[in-house]
Amino acid sequence: MKFSAVFLLAFAAAVVSAETNAERMARGLAPNAPARRGSPVDTAKRGQTSSTGGNQCSNGGIYCCNDVGTYGSHKNVNSVVKDLGLQSYVPIGTQCGLQCSPITGIGAGSGASCSQQTVCCQNNNFNGLINIGCSPINISL
């Protein structure tokens, strides 16, 4: 008799813990606390500068851009961001490059020269029309 009562109580506890918050709220109970499933903060990727000096980029590719400016204070960058509807995607103060083409073969062959601004960019989702997260770099050819 005691064993069956303990078994019944354990079974009831297991069923109650498996119910959803909607079921709990329908019964007039408070919802359960959210489950923490994220990774610990110490294992999160730490930010790095986009240029490591010289002709290297740690976070993206090297590009030659016709215009480079800060979103929020550069007329051409502001216009392109607005035209593409990226206002909520690009934070104010982000360095952006306009009309960029990748530089390949640094120091050797075609595409290794840039007559405008050489930058290291993190995000080129718009085929060179606008590159987001650009930092100017100096390359010696």
Side-chain angles (χ1 to χ4, degrees), residues 2-141:
K2 287 184 181 182
F3 177 73
S4 62
V6 170
F7 180 73
L8 182 62
L9 184 61
F11 178 74
V15 169
V16 169
S17 66
E19 68 185 349
T20 66
N21 280 338
E23 293 167 340
R24 288 182 55 81
M25 292 175 75
R27 290 184 23 213
L29 299 173
N32 288 323
R36 297 193 181 268
R37 295 191 175 114
S39 63
V41 175
D42 4 311
T43 61
K45 183 177 179 185
R46 296 206 180 356
Q48 299 174 353
T49 59
S50 59
S51 174
T52 58
N55 60 1
Q56 301 174 356
C57 287
S58 61
N59 288 354
I62 299 174
Y63 296 88
C64 181
C65 298
N66 288 340
D67 199 0
V68 177
T70 304
Y71 175 57
S73 63
H74 192 277
K75 181 181 176 183
N76 294 341
V77 171
N78 294 349
S79 175
V80 171
V81 169
K82 182 180 176 187
D83 290 345
L84 293 174
L86 300 174
Q87 298 93 330
S88 61
Y89 179 69
V90 181
I92 298 287
T94 302
Q95 285 286 106
C96 299
L98 301 177
Q99 298 171 337
C100 301
S101 57
I103 296 179
T104 58
I106 298 297
S110 64
S113 64
C114 180
S115 59
Q116 300 299 321
Q117 177 65 56
T118 308
V119 293
C120 180
C121 299
Q122 297 176 0
N123 184 346
N124 182 22
N125 291 339
F126 305 99
N127 296 324
L129 180 59
I130 183 169
N131 290 29
I132 301 168
C134 297
S135 299
I137 60 172
N138 184 13
I139 59 173
S140 302
L141 301 176

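On a predicted model such as this, the values are computed, not experimentally measured, just so you know. For reference, positions follow the sequence shown, starting with 1.
At a threshold of 4.5 Å between non-hydrogen side-chain atoms, the residues Ile62 and Ile137 count as touching. Between Pro31 and Arg24, every side-chain heavy-atom pair lies at or beyond the 4.5 Å cut-off.
Qualifying side chain to side chain donor-acceptor pair (under 3.5 Å) partners for Asn78, counting only residues two or more places apart in sequence or in other chains: none. For Asn21, there are no side chain to side chain donor-acceptor pair (under 3.5 Å) partners at least two apart in sequence or on another chain.
Sulfur atoms SG of Cys65 and Cys134 are positioned 2.5 Å or more apart.
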Scan the side chains in residues 86-99 for donor-acceptor partners under 3.5 Å anywhere in the protein, sequence neighbours excluded, and list what turns up.
from	atom 1	to	atom 2	distance (Å)
Tyr89	OH	Asn123	ND2	2.5
Thr94	OG1	Pro91	O	2.7
Gln95	OE1	Thr70	OG1	2.3
Gln99	OE1	Asn66	ND2	3.1

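Here SG of Cys64 is found 11.0 Å from CG of Asn131. Values are rounded to the nearest 0.5 Å.
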